Amino acid sequence: MGKKEGMDLSLEGEKVILVPYMDSHVLNYHHWMQNPSLLQSTASEPLSLLQEYQMQLSWSQDSNKETFIVLDKDLVVGDFLHGQPHLEAMVGDVNIFMNDLDDPHIAEIEIMIAEPNSRGKGLGKESVMMMMAFAIEKHGINVFQVKIGESNEASINLFKKLGFVQTSHSNIFKEVTLEFQVTEPKNKEMLNLIGTVIKHTHT
């Protein structure tokens with residue numbers, strides 16, 4: 001399999017640039033995922049560096065997943081060049097999974113701002129909104145879900161501010177599920193966001 005169509009574009013907002021997850025990002029990503037608190041907040045298992053490279057390759061080919069690395073625009077050195085990893089500005093990632101076989105228009109979304117100095121700046125909020133706009137446009141998604149550890153109040157509050165509503169709570173997994181229904185007004189709002197905030201930069 002070759003790379004997906006989405007691998008040839010970046011999404012540029014006011015505060016962040018979302019770029020495809022490239023193999024040159026893997027070493028930094030692997031370093032983040034050695035942090036126990038990040039592993040816990042993302043419900044992830046620690047992987048070896050080789051496994052991380054294999055994961056990056058599988059994500060780049062998986063049509064049911066979209067993943068972007070979050071760049072903090074304040075940290076980009078020089079002009080942003082599409083196709084370059086800009087490791088100096090790499091601060092997190094944002095993903096969507098479309099794994100509901102009964103409804104291809106449902107996507108689960110994840111956001112991680114791994115670098116402490118880039119938290120509290122609104123990067124997570126903008127990254128999620130841009131990813132949702134991208135998912136609505138490219139995949140016709142009309143329901144977004146997020147699963148968050150019940151102790152991660154900052155993340156829960158972020159999604160509630162974006163209009164997500166809690167739909168369930170799992171005592172077993174110690175997590176809550178929140179959901180966002182893309183109504184017609186919300187759809188227009190998100191599509192307007194594409195026109196005003198996001199620039200598609202093709203190679």
Side-chain angles (χ1 to χ4, degrees), residues 1-12 16-73 75-78 80-101 104 106-119 123-124 127-128 130-131 134-135 138-139 141 144-149 151-152 154-155 170 172-175 201-203:
M1 286 188 295
K3 67 180 183 178
K4 294 182 300 185
E5 178 188 346
M7 292 295 288
D8 69 350
L9 61 85
S10 299
L11 310 178
E12 182 175 357
V16 302
I17 302 172
L18 306 184
V19 299
Y21 183 24
M22 310 170 199
D23 58 3
S24 46
H25 292 126
V26 172
L27 196 58
N28 282 19
Y29 192 90
H30 180 66
H31 176 71
W32 286 340
M33 301 315 287
Q34 303 307 298
N35 184 326
S37 65
L38 285 178
L39 285 172
Q40 181 180 5
S41 65
T42 58
S44 301
E45 296 292 330
L47 301 177
S48 69
L49 183 57
L50 176 59
Q51 288 172 320
E52 208 76 76
Y53 276 107
Q54 292 170 337
M55 188 70 76
Q56 182 273 333
L57 180 62
S58 71
W59 287 355
S60 72
Q61 299 171 344
D62 188 347
S63 60
N64 290 323
K65 179 181 174 72
E66 297 281 2
T67 185
F68 289 93
I69 293 295
V70 178
L71 304 183
D72 184 338
K73 287 181 76 169
L75 301 179
V76 173
V77 174
F80 168 71
L81 298 174
H82 177 69
Q84 298 300 312
H86 285 280
L87 299 179
E88 77 284 355
M90 177 181 173
V91 298
D93 73 328
V94 61
N95 312 291
I96 57 167
F97 305 89
M98 294 157 286
N99 294 329
D100 191 322
L101 299 178
I106 295 177
E108 184 177 340
I109 191 163
E110 294 179 340
I111 179 68
M112 176 181 73
I113 302 298
E115 293 292 341
N117 291 340
S118 289
R119 294 176 188 156
L123 306 187
S127 298
V128 168
M130 289 166 61
M131 179 59 105
F134 171 72
K138 182 179 177 184
H139 296 288
I141 300 301
F144 291 93
Q145 296 176 335
V146 61
K147 296 177 181 178
I148 308 170
S151 62
N152 191 348
S155 190
S170 171
I172 297 173
F173 296 108
K174 303 290 184 186
E175 69 180 15
T201 314
H202 292 269
T203 50

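Because the structure is predicted, anything quoted here is derived from the model rather than measured. Note: hydrogens, waters and symmetry copies are ignored here, and every other heavy atom, side chains too, is used.
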[Y] and [X], any side-chain heavy atoms less than 4.5 Å apart:
X: Gln56; Y: His30; value: no
X: Lys147; Y: Phe173; value: no
X: Val26; Y: Leu49; value: yes
X: Ile106; Y: Gln145; value: yes
X: Met98; Y: Ile141; value: yes

(message) Taking CD in Gln34 as the centre, count heavy atoms belonging to other residues, nucleotides or ligands within less than 6.0 Å. Is the count above 12?
(response)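 Atom CD in Gln34 is crowded, with more than 12 foreign heavy atoms closer than 6.0 Å.
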
(message) Within the supplied structure, the quantity of interest is the number of heavy atoms (other residues, nucleotides, ligands) at a distance under 6.0 Å from Lys73 NZ; does it exceed 12?
(response)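 Enclosed.
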
Which atom pair, heavy atoms only, marks the closest approach of [X] to [Y]?
X: Trp32; Y: Gly92; value: CH2-N, 3.1 Å
X: Asp72; Y: Ser118; value: OD2-OG, 2.9 Å
X: Ser60; Y: Leu57; value: OG-O, 2.6 Å
X: Ser10; Y: Phe80; value: OG-CZ, 3.8 Å
X: Ser127; Y: Ile111; value: CB-CD1, 3.7 Å
X: Ile69; Y: Met90; value: CG2-CG, 3.6 Å

Enter the distance from [X]:[atom1] to [Y]:[atom2] here, rounded to the nearest 0.5 Å.
X: Glu12; Y: Leu71; atom1: CD; atom2: CG; value: 10.0 Å
X: Glu52; Y: His31; atom1: CD; atom2: NE2; value: 12.5 Å
X: Leu9; Y: Leu18; atom1: CG; atom2: CG; value: 10.0 Å
X: Lys65; Y: Ile96; atom1: NZ; atom2: CD1; value: 9.5 Å
X: Ile109; Y: Phe144; atom1: CD1; atom2: CZ; value: 6.0 Å
X: Asp93; Y: Asn28; atom1: CG; atom2: CG; value: 12.5 Å

(message) Going by side chain to side chain contact (heavy atoms under 4.5 Å, CB included), name the residues that satisfy it together with Ser24, two or more places apart in sequence or in a different chain.
(response)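 Met22, Pro85.
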
(request) Kindly write out the residues that satisfy side chain to side chain contact (heavy atoms under 4.5 Å, CB included) with Ser58, not counting sequence neighbours, or none if the list is empty. (result)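 Expected list: Met55.
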
(message) Can you tell me how the ring of Trp59 sits relative to the ring of Tyr21, calling it parallel under 30°, perpendicular over 60° and tilted otherwise?
(response)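 The rings of Trp59 and Tyr21 sit tilted, inter-plane angle from 30° to 60°.
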
(message) Let's go through Ser155 and Val146 carefully: what are the C-alpha distance in whole Å and the side-chain angles of both, what is the deciding distance for side chain to side chain contact (heavy atoms under 4.5 Å, CB included) to 0.1 Å, and is it a yes or a no?
(response) CA-CA 10 Å; Ser155 190; Val146 61; 5.7 Å; no

(request) Evaluate the side chain to side chain contact (heavy atoms under 4.5 Å, CB included) criterion for residues Leu47 and Met33: first the C-alpha distance (whole Å), next the side-chain angles of each, then the deciding distance (0.1 Å), finally the verdict. (result) CA-CA 8 Å; Leu47 301 177; Met33 301 315 287; over 6 Å; no

(message) Please tell me whether His86 and Glu88 have a donor and an acceptor in their side chains that are separated by less than 3.5 angstrom.
(response)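 The answer is yes; a qualifying pair exists.
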
(request) Please name all residues satisfying ring pair (Phe, Tyr, Trp, His ring centres under 6.0 Å) with His25, sequence neighbours left out, ordered by chain then number. (result)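 Result, ring pair (Phe, Tyr, Trp, His ring centres under 6.0 Å) vs His25: none returned.
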
